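Reviewing the structure listed below.
Computed from a predicted structure; not experimentally measured. Naming convention: chains lettered A, B, ... in sequence-line order (proteins, then strands); numbering from 1 in each chain.
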There are 2 protein chains.
Amino acid sequence: MDKDKIDKKDHILDVAERIFSDLGYEGASTRAISGEAGVNMAMLNYYFGSKEGLFLAVFERKISSFQTLLQNIGSNESMSSWDKLAKCIDNYVDRIIVNNCFQKLMNREMSISKRSELSDKITQILMVNVLEFKKLFDEGIKNGSFHKDTDTQLITATIFGTKNYIINSPHISSLMLGHDIRDEKFLEEKLKPRIKKYMKRLLKAYLVKDNDDTK
Amino acid sequence: MDKDKIDKKDHILDVAERIFSDLGYEGASTRAISGEAGVNMAMLNYYFGSKEGLFLAVFERKISSFQTLLQNIGSNESMSSWDKLAKCIDNYVDRIIVNNCFQKLMNREMSISKRSELSDKITQILMVNVLEFKKLFDEGIKNGSFHKDTDTQLITATIFGTKNYIINSPHISSLMLGHDIRDEKFLEEKLKPRIKKYMKRLLKAYLVKDNDDTK
DNA sequence: CAAAATTAATCAAACGATTGATTAAACTAA
DNA sequence: TTAGTTTAATCAATCGTTTGATTAATTTTG
(Lines give C-alpha, C1' and ligand atoms only; values in the text may rest on other atoms or scores of the structure.)
Protein backbone atom coordinates (compact mmCIF):
# COMPACT_ATOMS: atom_id res chain seq x y z
CA MET A 1 0.00 0.00 0.00
CA ASP A 2 1.20 3.54 -0.60
CA LYS A 3 -0.05 4.68 2.76
CA ASP A 4 3.46 4.41 4.13
CA LYS A 5 4.85 6.48 1.31
CA ILE A 6 2.32 9.22 1.92
CA ASP A 7 3.05 9.10 5.61
CA LYS A 8 6.75 9.36 4.96
CA LYS A 9 6.37 12.29 2.59
CA ASP A 10 4.10 13.90 5.11
CA HIS A 11 6.64 13.31 7.85
CA ILE A 12 9.35 14.96 5.77
CA LEU A 13 7.06 17.90 5.13
CA ASP A 14 6.33 18.21 8.85
CA VAL A 15 10.03 18.35 9.68
CA ALA A 16 10.80 20.67 6.76
CA GLU A 17 8.04 23.03 7.81
CA ARG A 18 9.43 23.30 11.31
CA ILE A 19 13.06 23.74 10.26
CA PHE A 20 12.26 26.23 7.50
CA SER A 21 10.21 28.08 10.05
CA ASP A 22 12.99 28.15 12.63
CA LEU A 23 15.93 28.94 10.37
CA GLY A 24 14.48 30.46 7.21
CA TYR A 25 14.84 29.06 3.71
CA GLU A 26 18.54 29.74 3.26
CA GLY A 27 19.36 28.85 6.83
CA ALA A 28 17.79 25.42 6.62
CA SER A 29 20.14 22.96 4.94
CA THR A 30 18.89 19.87 3.15
CA ARG A 31 21.21 17.86 5.37
CA ALA A 32 19.58 19.20 8.50
CA ILE A 33 16.10 18.46 7.20
CA SER A 34 16.86 14.95 5.97
CA GLY A 35 18.85 14.24 9.10
CA GLU A 36 16.11 15.28 11.46
CA ALA A 37 13.50 13.49 9.38
CA GLY A 38 15.57 10.31 9.51
CA VAL A 39 15.73 9.84 5.75
CA ASN A 40 18.52 9.82 3.27
CA MET A 41 19.41 13.16 1.79
CA ALA A 42 18.74 12.01 -1.73
CA MET A 43 15.14 11.26 -0.83
CA LEU A 44 14.36 14.95 -0.72
CA ASN A 45 15.32 15.31 -4.36
CA TYR A 46 13.74 12.01 -5.23
CA TYR A 47 10.40 13.07 -3.79
CA PHE A 48 10.37 16.80 -4.31
CA GLY A 49 12.87 17.42 -7.10
CA SER A 50 14.84 20.10 -5.31
CA LYS A 51 15.09 22.12 -2.13
CA GLU A 52 12.80 24.71 -3.64
CA GLY A 53 10.40 21.95 -4.64
CA LEU A 54 10.33 20.78 -1.06
CA PHE A 55 9.74 24.31 0.11
CA LEU A 56 6.85 24.77 -2.27
CA ALA A 57 5.43 21.38 -1.28
CA VAL A 58 5.27 22.56 2.33
CA PHE A 59 3.04 25.37 1.13
CA GLU A 60 0.96 23.35 -1.31
CA ARG A 61 -0.02 21.00 1.47
CA LYS A 62 -1.39 23.81 3.58
CA ILE A 63 -3.35 25.63 0.92
CA SER A 64 -6.35 23.36 1.05
CA SER A 65 -6.67 23.78 4.79
CA PHE A 66 -6.78 27.54 4.28
CA GLN A 67 -9.23 27.74 1.46
CA THR A 68 -12.42 26.78 3.21
CA LEU A 69 -12.19 28.49 6.54
CA LEU A 70 -14.08 31.69 6.91
CA GLN A 71 -16.45 30.69 4.14
CA ASN A 72 -20.24 30.69 4.38
CA ILE A 73 -20.32 32.89 7.43
CA GLY A 74 -20.87 35.88 5.21
CA SER A 75 -23.87 34.35 3.52
CA ASN A 76 -25.89 33.79 6.68
CA GLU A 77 -28.84 36.17 6.34
CA SER A 78 -30.15 35.88 9.86
CA MET A 79 -27.11 37.41 11.54
CA SER A 80 -26.26 41.06 11.92
CA SER A 81 -23.09 42.35 10.29
CA TRP A 82 -21.47 42.70 13.67
CA ASP A 83 -22.37 39.18 14.78
CA LYS A 84 -20.94 37.78 11.59
CA LEU A 85 -17.74 39.73 12.07
CA ALA A 86 -17.50 38.61 15.69
CA LYS A 87 -17.87 35.01 14.60
CA CYS A 88 -15.19 35.47 11.95
CA ILE A 89 -12.83 36.84 14.57
CA ASP A 90 -13.44 33.85 16.81
CA ASN A 91 -12.86 31.42 13.95
CA TYR A 92 -9.79 33.22 12.80
CA VAL A 93 -8.13 33.42 16.22
CA ASP A 94 -8.95 29.78 16.91
CA ARG A 95 -7.29 28.71 13.73
CA ILE A 96 -4.22 30.84 13.28
CA ILE A 97 -2.87 30.46 16.77
CA VAL A 98 -2.31 26.77 16.18
CA ASN A 99 -0.62 26.89 12.78
CA ASN A 100 1.94 28.97 14.52
CA CYS A 101 5.20 27.94 12.85
CA PHE A 102 3.72 27.84 9.37
CA GLN A 103 2.38 31.33 9.86
CA LYS A 104 5.81 32.52 10.85
CA LEU A 105 7.33 30.85 7.83
CA MET A 106 4.79 32.41 5.52
CA ASN A 107 5.21 35.89 6.89
CA ARG A 108 8.97 35.74 6.77
CA GLU A 109 9.04 34.62 3.15
CA MET A 110 6.56 37.31 2.21
CA SER A 111 9.02 39.94 3.33
CA ILE A 112 11.84 38.63 1.11
CA SER A 113 12.09 40.28 -2.25
CA LYS A 114 13.22 37.44 -4.45
CA ARG A 115 11.31 34.19 -4.98
CA SER A 116 8.41 36.10 -6.49
CA GLU A 117 6.68 32.88 -7.52
CA LEU A 118 6.32 31.96 -3.89
CA SER A 119 5.28 35.46 -2.90
CA ASP A 120 2.48 35.33 -5.42
CA LYS A 121 1.34 31.98 -4.08
CA ILE A 122 1.34 33.19 -0.49
CA THR A 123 -0.40 36.40 -1.46
CA GLN A 124 -3.09 34.33 -3.10
CA ILE A 125 -3.56 32.26 0.05
CA LEU A 126 -3.70 35.22 2.38
CA MET A 127 -5.96 37.24 0.14
CA VAL A 128 -8.79 34.77 0.65
CA ASN A 129 -9.09 35.78 4.29
CA VAL A 130 -8.42 39.43 3.61
CA LEU A 131 -11.28 39.63 1.12
CA GLU A 132 -13.60 37.70 3.42
CA PHE A 133 -13.16 40.32 6.14
CA LYS A 134 -13.39 43.16 3.68
CA LYS A 135 -16.70 41.83 2.42
CA LEU A 136 -18.12 41.94 5.93
CA PHE A 137 -16.93 45.48 6.45
CA ASP A 138 -18.45 46.68 3.19
CA GLU A 139 -21.73 44.95 3.97
CA GLY A 140 -21.90 46.54 7.41
CA ILE A 141 -21.24 49.98 5.98
CA LYS A 142 -23.84 49.46 3.27
CA ASN A 143 -26.61 48.46 5.68
CA GLY A 144 -25.72 51.34 7.96
CA SER A 145 -24.57 49.45 11.03
CA PHE A 146 -20.90 50.40 10.59
CA HIS A 147 -19.47 53.88 10.35
CA LYS A 148 -19.36 55.22 6.83
CA ASP A 149 -15.83 56.60 7.14
CA THR A 150 -14.37 53.24 8.19
CA ASP A 151 -10.99 52.56 6.61
CA THR A 152 -11.74 48.99 5.58
CA GLN A 153 -8.25 48.42 4.26
CA LEU A 154 -6.30 49.57 7.27
CA ILE A 155 -8.60 47.88 9.75
CA THR A 156 -7.86 44.68 7.87
CA ALA A 157 -4.17 45.41 8.26
CA THR A 158 -4.82 45.80 11.97
CA ILE A 159 -6.53 42.41 12.31
CA PHE A 160 -3.78 40.50 10.55
CA GLY A 161 -1.01 42.73 11.81
CA THR A 162 -1.91 42.34 15.46
CA LYS A 163 -1.93 38.59 15.09
CA ASN A 164 1.37 38.55 13.18
CA TYR A 165 3.03 40.75 15.74
CA ILE A 166 2.24 38.30 18.50
CA ILE A 167 3.13 35.20 16.49
CA ASN A 168 6.15 36.36 14.54
CA SER A 169 8.22 37.84 17.31
CA PRO A 170 7.78 35.55 20.30
CA HIS A 171 10.71 37.16 22.08
CA ILE A 172 9.15 40.55 22.34
CA SER A 173 5.55 39.50 22.74
CA SER A 174 6.51 37.11 25.52
CA LEU A 175 8.34 39.90 27.24
CA MET A 176 5.38 42.20 26.76
CA LEU A 177 2.79 39.74 27.98
CA GLY A 178 4.85 38.44 30.86
CA HIS A 179 4.52 34.82 29.70
CA ASP A 180 6.30 32.57 27.24
CA ILE A 181 3.84 32.55 24.37
CA ARG A 182 5.26 29.27 23.15
CA ASP A 183 3.67 27.69 26.20
CA GLU A 184 0.76 25.85 24.59
CA LYS A 185 -1.33 25.82 27.74
CA PHE A 186 -1.04 29.55 28.20
CA LEU A 187 -1.73 30.10 24.53
CA GLU A 188 -4.87 28.01 24.49
CA GLU A 189 -6.39 28.84 27.85
CA LYS A 190 -5.35 32.42 28.43
CA LEU A 191 -4.15 34.16 25.31
CA LYS A 192 -6.69 32.93 22.79
CA PRO A 193 -9.77 34.10 24.72
CA ARG A 194 -8.00 37.30 25.57
CA ILE A 195 -7.19 38.08 21.94
CA LYS A 196 -10.75 37.28 20.92
CA LYS A 197 -12.19 39.57 23.56
CA TYR A 198 -9.74 42.33 22.77
CA MET A 199 -10.22 42.13 19.03
CA LYS A 200 -13.97 42.28 19.29
CA ARG A 201 -13.94 45.21 21.67
CA LEU A 202 -11.47 47.06 19.46
CA LEU A 203 -13.42 46.46 16.28
CA LYS A 204 -16.75 47.22 17.87
CA ALA A 205 -15.49 50.53 19.18
CA TYR A 206 -14.11 51.47 15.80
CA LEU A 207 -16.87 50.15 13.57
CA VAL A 208 -20.24 49.97 15.23
CA LYS A 209 -22.40 53.09 15.27
CA ASP A 210 -24.52 52.48 18.35
CA ASN A 211 -21.63 51.05 20.31
CA ASP A 212 -22.35 51.28 24.02
CA ASP A 213 -18.94 51.57 25.54
CA THR A 214 -20.11 51.29 29.08
CA LYS A 215 -20.86 47.64 28.47
CA MET B 1 42.12 62.04 7.53
CA ASP B 2 39.93 59.19 8.62
CA LYS B 3 36.85 60.92 7.27
CA ASP B 4 37.17 58.87 4.10
CA LYS B 5 37.42 55.67 6.10
CA ILE B 6 34.25 56.50 7.99
CA ASP B 7 32.47 57.36 4.77
CA LYS B 8 33.55 54.07 3.23
CA LYS B 9 32.46 52.10 6.26
CA ASP B 10 29.18 53.93 6.17
CA HIS B 11 28.78 53.18 2.50
CA ILE B 12 29.39 49.48 3.13
CA LEU B 13 26.84 49.55 5.93
CA ASP B 14 24.29 51.20 3.64
CA VAL B 15 24.72 48.50 1.02
CA ALA B 16 24.78 45.72 3.61
CA GLU B 17 21.60 47.00 5.20
CA ARG B 18 19.76 46.94 1.89
CA ILE B 19 21.02 43.50 0.83
CA PHE B 20 20.44 41.92 4.23
CA SER B 21 16.97 43.40 4.11
CA ASP B 22 16.23 42.04 0.65
CA LEU B 23 17.72 38.58 0.98
CA GLY B 24 17.92 37.83 4.68
CA TYR B 25 21.11 37.13 6.62
CA GLU B 26 21.84 33.71 5.16
CA GLY B 27 20.74 34.72 1.68
CA ALA B 28 23.09 37.68 1.53
CA SER B 29 26.63 36.59 0.65
CA THR B 30 29.67 38.61 1.58
CA ARG B 31 30.63 38.57 -2.10
CA ALA B 32 27.36 40.16 -3.10
CA ILE B 33 27.69 42.84 -0.46
CA SER B 34 31.32 43.68 -1.19
CA GLY B 35 30.63 43.53 -4.92
CA GLU B 36 27.75 45.94 -4.79
CA ALA B 37 29.60 48.21 -2.42
CA GLY B 38 32.56 48.25 -4.80
CA VAL B 39 35.12 47.08 -2.26
CA ASN B 40 37.28 44.02 -1.94
CA MET B 41 35.75 41.13 -0.06
CA ALA B 42 38.50 41.08 2.51
CA MET B 43 37.62 44.63 3.50
CA LEU B 44 34.48 43.41 5.19
CA ASN B 45 36.54 41.27 7.52
CA TYR B 46 39.15 43.96 7.87
CA TYR B 47 36.58 46.50 9.01
CA PHE B 48 33.98 44.37 10.76
CA GLY B 49 35.78 41.15 11.66
CA SER B 50 33.22 38.81 10.21
CA LYS B 51 29.90 38.61 8.42
CA GLU B 52 28.12 38.55 11.74
CA GLY B 53 30.19 41.53 12.83
CA LEU B 54 29.02 43.41 9.77
CA PHE B 55 25.46 42.39 10.47
CA LEU B 56 25.68 43.61 14.04
CA ALA B 57 27.35 46.83 12.88
CA VAL B 58 24.33 47.54 10.69
CA PHE B 59 22.23 47.38 13.83
CA GLU B 60 24.62 49.25 16.09
CA ARG B 61 24.61 52.18 13.74
CA LYS B 62 20.83 52.48 13.93
CA ILE B 63 20.45 52.12 17.66
CA SER B 64 21.34 55.70 18.47
CA SER B 65 18.76 57.02 16.03
CA PHE B 66 16.15 54.95 17.82
CA GLN B 67 16.98 55.77 21.37
CA THR B 68 15.82 59.35 21.57
CA LEU B 69 12.64 59.46 19.57
CA LEU B 70 9.48 59.31 21.55
CA GLN B 71 11.19 60.73 24.57
CA ASN B 72 9.99 63.66 26.64
CA ILE B 73 6.52 63.69 25.15
CA GLY B 74 5.29 61.73 28.12
CA SER B 75 6.62 64.27 30.59
CA ASN B 76 4.74 67.27 29.21
CA GLU B 77 2.27 68.13 31.97
CA SER B 78 0.13 70.56 30.03
CA MET B 79 -1.21 68.01 27.55
CA SER B 80 -4.03 65.56 28.06
CA SER B 81 -3.24 61.85 27.90
CA TRP B 82 -4.99 61.60 24.59
CA ASP B 83 -3.15 64.55 23.04
CA LYS B 84 0.15 63.07 24.13
CA LEU B 85 -0.77 59.73 22.61
CA ALA B 86 -1.89 61.39 19.37
CA LYS B 87 1.42 63.20 19.16
CA CYS B 88 3.28 59.95 19.75
CA ILE B 89 1.37 58.31 16.94
CA ASP B 90 2.22 61.14 14.58
CA ASN B 91 5.89 60.99 15.52
CA TYR B 92 5.98 57.23 15.25
CA VAL B 93 4.34 57.06 11.83
CA ASP B 94 6.54 59.84 10.52
CA ARG B 95 9.61 58.01 11.61
CA ILE B 96 9.05 54.34 10.88
CA ILE B 97 7.72 54.71 7.39
CA VAL B 98 11.08 55.98 6.22
CA ASN B 99 13.39 53.43 7.79
CA ASN B 100 11.51 50.94 5.76
CA CYS B 101 14.12 48.33 4.83
CA PHE B 102 15.81 48.36 8.22
CA GLN B 103 12.45 47.75 9.84
CA LYS B 104 11.89 44.79 7.57
CA LEU B 105 15.32 43.45 8.38
CA MET B 106 14.75 43.82 12.10
CA ASN B 107 11.37 42.16 12.07
CA ARG B 108 12.56 39.23 9.98
CA GLU B 109 15.51 38.55 12.24
CA MET B 110 13.26 38.74 15.30
CA SER B 111 11.25 35.82 13.98
CA ILE B 112 14.29 33.55 13.59
CA SER B 113 14.98 31.32 16.53
CA LYS B 114 18.75 31.14 16.51
CA ARG B 115 21.04 34.16 16.84
CA SER B 116 19.63 34.88 20.26
CA GLU B 117 22.24 37.53 20.93
CA LEU B 118 20.83 39.58 18.09
CA SER B 119 17.27 38.90 19.15
CA ASP B 120 18.04 40.25 22.58
CA LYS B 121 19.60 43.35 21.10
CA ILE B 122 16.62 43.98 18.82
CA THR B 123 14.20 43.31 21.64
CA GLN B 124 16.00 45.91 23.68
CA ILE B 125 15.71 48.46 20.87
CA LEU B 126 12.05 47.84 20.23
CA MET B 127 11.14 47.75 23.88
CA VAL B 128 11.99 51.40 24.27
CA ASN B 129 9.07 52.38 22.08
CA VAL B 130 6.80 49.70 23.47
CA LEU B 131 7.30 50.93 27.01
CA GLU B 132 6.87 54.55 25.95
CA PHE B 133 3.40 53.80 24.61
CA LYS B 134 2.54 51.62 27.56
CA LYS B 135 3.39 54.46 29.93
CA LEU B 136 0.93 56.72 28.16
CA PHE B 137 -1.80 54.11 28.34
CA ASP B 138 -1.28 53.51 32.03
CA GLU B 139 -1.26 57.22 32.72
CA GLY B 140 -4.50 57.72 30.83
CA ILE B 141 -6.16 54.90 32.72
CA LYS B 142 -4.89 56.25 36.01
CA ASN B 143 -6.26 59.75 35.47
CA GLY B 144 -9.56 58.36 34.27
CA SER B 145 -9.55 59.54 30.69
CA PHE B 146 -9.03 56.03 29.24
CA HIS B 147 -11.22 53.01 29.81
CA LYS B 148 -10.22 50.97 32.83
CA ASP B 149 -10.49 47.63 31.07
CA THR B 150 -8.13 48.64 28.28
CA ASP B 151 -5.78 45.84 27.27
CA THR B 152 -2.65 47.94 27.25
CA GLN B 153 -0.51 45.06 26.04
CA LEU B 154 -2.59 44.01 23.08
CA ILE B 155 -3.32 47.56 21.96
CA THR B 156 0.44 48.00 21.82
CA ALA B 157 0.64 44.89 19.67
CA THR B 158 -1.93 46.51 17.41
CA ILE B 159 0.02 49.72 16.96
CA PHE B 160 3.25 47.98 16.05
CA GLY B 161 1.55 45.07 14.30
CA THR B 162 -0.47 47.27 11.95
CA LYS B 163 2.64 49.14 10.95
CA ASN B 164 4.65 45.94 10.47
CA TYR B 165 1.94 44.37 8.38
CA ILE B 166 2.06 47.24 5.92
CA ILE B 167 5.84 47.50 5.83
CA ASN B 168 6.89 43.85 5.98
CA SER B 169 4.72 42.42 3.25
CA PRO B 170 4.66 45.01 0.48
CA HIS B 171 3.20 42.50 -1.95
CA ILE B 172 -0.01 42.02 -0.08
CA SER B 173 -0.41 45.51 1.31
CA SER B 174 0.12 46.99 -2.15
CA LEU B 175 -2.54 44.69 -3.50
CA MET B 176 -4.84 45.61 -0.65
CA LEU B 177 -4.33 49.35 -0.94
CA GLY B 178 -4.40 49.42 -4.73
CA HIS B 179 -1.02 51.18 -4.91
CA ASP B 180 2.59 50.12 -4.88
CA ILE B 181 3.60 51.06 -1.36
CA ARG B 182 7.24 51.25 -2.41
CA ASP B 183 6.31 54.38 -4.31
CA GLU B 184 7.86 57.03 -2.08
CA LYS B 185 5.51 59.77 -3.26
CA PHE B 186 2.43 57.75 -2.47
CA LEU B 187 3.89 56.71 0.85
CA GLU B 188 4.70 60.22 1.93
CA GLU B 189 1.73 62.15 0.59
CA LYS B 190 -1.11 59.67 0.82
CA LEU B 191 -0.36 56.73 3.07
CA LYS B 192 1.36 58.48 5.95
CA PRO B 193 -1.49 60.92 6.69
CA ARG B 194 -3.99 58.15 6.16
CA ILE B 195 -2.29 55.86 8.67
CA LYS B 196 -2.05 58.69 11.18
CA LYS B 197 -5.72 59.52 10.83
CA TYR B 198 -6.75 55.89 10.99
CA MET B 199 -4.60 55.07 13.98
CA LYS B 200 -5.87 57.98 15.99
CA ARG B 201 -9.49 57.24 15.22
CA LEU B 202 -8.99 53.58 16.09
CA LEU B 203 -7.23 54.31 19.36
CA LYS B 204 -9.63 57.06 20.34
CA ALA B 205 -12.61 54.79 19.80
CA TYR B 206 -11.03 52.04 21.86
CA LEU B 207 -9.47 54.09 24.61
CA VAL B 208 -11.19 57.35 25.27
CA LYS B 209 -14.19 57.36 27.54
CA ASP B 210 -16.09 60.41 26.29
CA ASN B 211 -15.33 59.62 22.67
CA ASP B 212 -17.82 61.31 20.42
CA ASP B 213 -18.03 59.03 17.46
CA THR B 214 -20.16 61.36 15.41
CA LYS B 215 -17.13 63.60 15.00
C1' DC C 1 1.68 -21.05 -9.60
C1' DA C 2 6.69 -19.52 -10.16
C1' DA C 3 10.35 -17.39 -12.74
C1' DA C 4 11.67 -13.37 -15.11
C1' DA C 5 11.45 -8.59 -15.96
C1' DT C 6 10.40 -4.12 -14.59
C1' DT C 7 9.68 -0.39 -11.48
C1' DA C 8 10.13 2.03 -7.14
C1' DA C 9 12.66 3.14 -3.05
C1' DT C 10 16.83 3.81 -0.59
C1' DC C 11 21.57 4.38 0.22
C1' DA C 12 26.64 5.90 0.62
C1' DA C 13 29.69 8.51 -1.86
C1' DA C 14 31.09 12.05 -4.50
C1' DC C 15 30.16 16.10 -7.51
C1' DG C 16 30.99 21.09 -8.70
C1' DA C 17 29.87 25.38 -6.85
C1' DT C 18 29.74 28.67 -3.30
C1' DT C 19 30.28 30.01 1.32
C1' DG C 20 32.98 32.99 4.99
C1' DA C 21 37.55 33.56 6.11
C1' DT C 22 42.61 34.09 5.71
C1' DT C 23 47.00 34.91 3.76
C1' DA C 24 50.87 37.34 1.87
C1' DA C 25 52.05 40.61 -1.26
C1' DA C 26 51.30 45.31 -3.12
C1' DC C 27 49.98 49.87 -2.60
C1' DT C 28 49.40 54.48 -0.15
C1' DA C 29 50.43 58.33 2.58
C1' DA C 30 52.93 60.53 6.40
C1' DT D 1 60.82 53.63 6.43
C1' DT D 2 56.63 52.54 8.61
C1' DA D 3 52.06 51.86 9.74
C1' DG D 4 47.68 51.62 7.69
C1' DT D 5 44.92 49.96 3.51
C1' DT D 6 43.80 47.30 -0.25
C1' DT D 7 44.32 43.63 -3.30
C1' DA D 8 44.37 38.84 -5.60
C1' DA D 9 44.89 34.29 -4.44
C1' DT D 10 43.73 30.66 -1.68
C1' DC D 11 41.75 28.05 2.23
C1' DA D 12 38.72 24.50 4.43
C1' DA D 13 33.95 23.88 5.08
C1' DT D 14 29.48 23.49 3.57
C1' DC D 15 26.03 23.96 0.18
C1' DG D 16 22.37 21.51 -3.02
C1' DT D 17 22.54 18.02 -6.20
C1' DT D 18 23.77 13.79 -8.77
C1' DT D 19 25.51 9.42 -9.29
C1' DG D 20 25.73 4.27 -9.49
C1' DA D 21 24.66 0.46 -6.83
C1' DT D 22 21.52 -2.17 -4.01
C1' DT D 23 17.31 -3.71 -2.13
C1' DA D 24 12.20 -4.12 -2.07
C1' DA D 25 8.01 -4.23 -4.38
C1' DT D 26 5.26 -4.85 -8.41
C1' DT D 27 4.13 -6.51 -12.87
C1' DT D 28 4.64 -9.55 -16.69
C1' DT D 29 5.31 -13.82 -18.72
C1' DG D 30 5.29 -18.81 -19.39
- [ ] Taking only the side-chain nitrogens and oxygens of B/Ser50, find out if one of them lies under 4.0 Å from OP1 or OP2 of C/dG20.
- [x] no
- [ ] Remember a base hit wins even if backbone is also touched, and classify B/Ala32 as base, sugar-phosphate or nothing at under 4.0 Å, heavy atoms.
- [x] nothing
Task: Donor + acceptor pair across side chains of B/Tyr198, A/Thr158 (<3.5 Å) - done: yes
Open item on the list: Using whole Å, what does the distance between atom P of nucleotide C/dT10 and atom NZ of A/Lys9 come to?
Closed with: 11 Å
Open item on the list: Could you check whether any side-chain N or O of A/Thr162 sits under 3.5 Å from a backbone N or O of A/Ile159, counting only pairs where one atom can act as donor and the other as acceptor?
Closed with: no
- [ ] In whole angstrom, give the distance that lies between atom CG of B/Leu23 and atom C1' of C/dT19.
- [x] 15 Å
Task: NZ/NE/NH1/NH2 to OD/OE distance under 4.0 Å, B/Glu132 and B/Lys135 - done: yes
Open item on the list: On the nucleotide C/dA8, are OP1 or OP2 found under 4.0 Å from the side-chain N or O atoms that A/Tyr47 carries?
Closed with: no
TODO: Specify the separation, in whole Å, of atom OH of B/Tyr25 and atom P of D/dC15.
DONE: 14 Å
Task: Partner set under side-chain hydrogen bond (donor to acceptor under 3.5 Å, both in side chains) for B/Asp14, not counting sequence neighbours - done: B/Arg61
TODO: Return the value, rounded to whole Å, for the distance between atom CD1 of B/Ile12 and atom P of D/dT6.
DONE: 8 Å
Task: Integer-rounded Å distance: D/dA8 C1' and B/Tyr46 OH - done: 17 Å
Task: Atom-to-atom span, CE of B/Met43 to C1' of D/dT5 - whole angstrom - done: 6 Å
TODO: To the nearest Å, give me how far apart CG (A/Asn45) and P (D/dT17) are.
DONE: 5 Å
- [ ] State whether A/Lys197 and B/Asp151 are salt-bridged, where the test is any N-O pair (Lys NZ or Arg NE/NH1/NH2 against Asp/Glu carboxylate O) under 4.0 Å.
- [x] no
Task: Presence of salt bridge, A/Arg182 and A/Asp180, under 4.0 angstrom - done: yes
TODO: Tell me which residues in residues 33-42 of chain B put a heavy atom below 4.0 Å from DNA chain C, sorted by number, or none.
DONE: B/Met41, B/Ala42
Task: Phosphate OP1/OP2 of D/dT6: any B/Lys8 side-chain N/O under 4.0 Å - done: yes
- [ ] Could you state the atom-to-atom distance from CD of A/Glu26 to P of C/dG20 in whole Å?
- [x] 11 Å
Open item on the list: Counting the benzene-type ring for Trp, do B/Phe55 and B/Phe48 have ring centres under 6.0 Å apart?
Closed with: no
